[in-house]
Amino acid sequence: MRVIEHEKFENIHWIEFDEKKKKLATVNLSPGNKVYDEKLVEFRGTEYRLWDPYRSKLAAAILRGIKDVPIKEEFKILYLGAASGTTASHIADIIGAGGMVYCIEISSRPLRDLLTVCEQRKNMSPILADATEVESYHALVEQADLIYQDVAHPEQTNIALENSKTYLKDDGKLLVAMKARSIDVTKEPREIFRGEMEKLEEELEILDSKLLDPYAKDHAMLLLQK
Ligand SMILES: C[S@@+](CC[C@H](N)C(=O)[O-])C[C@H]1O[C@@H](n2cnc3c(N)ncnc32)[C@H](O)[C@@H]1O
């Protein structure tokens, strides 16, 4: 087994088990602790967490070849729809102790598990709030280098636009995990993505888009900037 830096993205690694099998991983910021059922792997004194693309749409987007993962050490991230922290915890690994992930989640059930994750990781802040009520968390967050949105909500596009107007730095980027079935169950996913991208393009620039099949069916990841 060996560990190789990802060829493009900071603090993201490949764990190569043999010539045919390699998996994404991040360095575990909270050694010994798992967040979901991920595997922990030790290599030369560092603990890595395997990053499951079937559980995290950001890992799926990397495997599908997204052009950029605009996450760097010390970044401030606004995460909309954090659930119990699966993807948010990998982002926390990437930004390191000097960064911060503000985790907005509307539902108290996943938030309970998220609280445990945030106790183990001081660079994650749990916030029980509705991402459609942008002003309600104004006092609890700061301007973001990246907004990561995964809310599975029919108003996903407006949520992305309103939050980026309020919280995105001028040179910041936005990653939107779009779930076609949450927007309209009657239309073809590609048709839905086209329509939502047209709306987003009125105010933001689309840098890349990737379909996430087979990891997340009828989902796309969009990369945008102001
Ligand atoms: C697909 S799950 C997120 C999974 C998570 N991003 C991950 O990869 O680990 C979507 C989450 O969005 C939350 N959500 C839905 N509507 C929301 C809203 N208006 N504001 C904040 N969170 C919302 C749901 O409760 C759910 O936990």
Side-chain angles (χ1 to χ4, degrees), residues 12 24-26 28-30 33-38 49-64 66 69 71 77-95 101-118 120-121 123-138 140-141 144 146-167 174-185 189 192 196 210-213 215-223:
I12 298 176
L24 285 174
T26 55
N28 194 356
L29 197 61
S30 176
N33 292 313
K34 292 185 180 190
V35 173
Y36 50 116
D37 205 20
E38 76 275 28
R49 302 164 60 219
L50 295 194
W51 193 359
D52 185 347
Y54 290 93
R55 301 285 301 274
S56 168
K57 283 155 228 154
L58 184 53
I62 294 169
L63 294 184
R64 296 290 275 129
I66 193 129
V69 174
I71 305 175
I77 316 269
L78 178 62
Y79 193 122
L80 307 171
S84 50
T86 299
T87 301
S89 63
H90 283 287
I91 292 178
D93 287 347
I94 297 169
I95 61 175
V101 192
Y102 296 98
C103 300
I104 308 291
E105 173 52 51
I106 199 171
S107 168
S108 52
R109 222 176 127 205
L111 198 91
R112 254 181 270 146
D113 293 333
L114 181 64
L115 289 176
T116 310
V117 175
C118 294
Q120 294 162 352
R121 290 159 187 272
N123 65 350
M124 290 175 71
S125 170
I127 301 169
L128 181 64
D130 182 345
T132 65
E133 293 179 12
V134 174
E135 292 300 329
S136 67
Y137 39 93
H138 202 273
L140 302 173
V141 304
L146 172 79
I147 296 180
Y148 185 89
Q149 180 184 312
D150 184 12
V151 286
H153 188 287
E155 286 301 318
Q156 272 201 30
T157 295
N158 283 336
I159 292 173
L161 289 172
E162 288 309 310
N163 277 278
S164 60
K165 264 185 232 158
T166 314
Y167 297 118
L174 190 70
L175 279 165
V176 178
M178 198 164 268
K179 183 178 180 182
R181 304 263 165 236
S182 299
I183 296 166
D184 189 335
V185 283
I192 294 169
E196 298 302 309
K210 287 279 175 277
L211 295 174
L212 300 184
D213 299 86
Y215 306 108
K217 197 172 174 299
D218 299 336
H219 282 73
M221 184 68 79
L222 310 182
L223 171 66

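Here the structure is a predicted model, which is why all the values come from computation and not from measurement. Just so it is clear, the values below take in all heavy atoms, side chains as well, and ignore hydrogens, waters and symmetry mates. As the structure lists them, so they are numbered: ligands from 1, and atoms in each ligand from 1.
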Full working for side chain to side chain contact (heavy atoms under 4.5 Å, CB included) between Arg121 and Val35:
CA-CA 11 Å; Arg121 290 159 187 272; Val35 173; 4.0 Å; yes
May I ask you to identify, for Lys57, whether its side chain, its backbone, both or neither come under 4.0 Å of ligand 1 on a heavy-atom basis?
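The answer is the side chain.
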I need the contact type for Ala129 against ligand 1. Using non-hydrogen atoms and a strict under-4.0 Å cut-off, is it side chain, backbone, both or neither?
backbone
Please determine whether the number of non-hydrogen atoms from other residues, nucleotides or ligands lying under 6.0 Å from atom NZ of Lys179 exceeds 12.
no
Using heavy atoms and a 4.0 Å limit, tell me yes or no: is [X] in contact with ligand 1?
X	value
Ala88	no
Tyr79	yes
Val151	yes

Is the Tyr102 to Tyr137 ring centre distance short of 6.0 Å?
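Tyr102 vs Tyr137: aromatic centres not under 6.0 Å.
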Tell me whether the rings of Tyr148 and Tyr79 are parallel (<30°), tilted (30 to 60°) or perpendicular (>60°).
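If you compare the ring of Tyr148 with that of Tyr79, the planes turn out tilted.
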Give the ring-plane orientation class for Trp51 versus His90, where under 30° counts as parallel, over 60° as perpendicular and anything between as tilted.
parallel
Could you work out, for atom 8 (O) of ligand 1, the closest of Ile106, Thr87, Ile104, Ile127 by heavy-atom distance?
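Looking at heavy atoms only, the winner is Thr87.
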Test Ser89 against every option in Lys34, Met124, Gln120 by the side-chain contact (heavy atoms from CB on, under 4.5 Å) rule and name the one that passes.
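Checked Lys34, Met124, Gln120 against Ser89; only one passes side-chain contact (heavy atoms from CB on, under 4.5 Å): Met124.
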So is [X] polar-close to ligand 1, meaning N/O to N/O under 3.5 Å?
X	value
Ser56	no
His153	no
Ala131	yes

Quick check on contacts: which atoms of ligand 1 are under 4.0 angstrom from a heavy atom of Asp130?
18 (C), 19 (N), 20 (N)
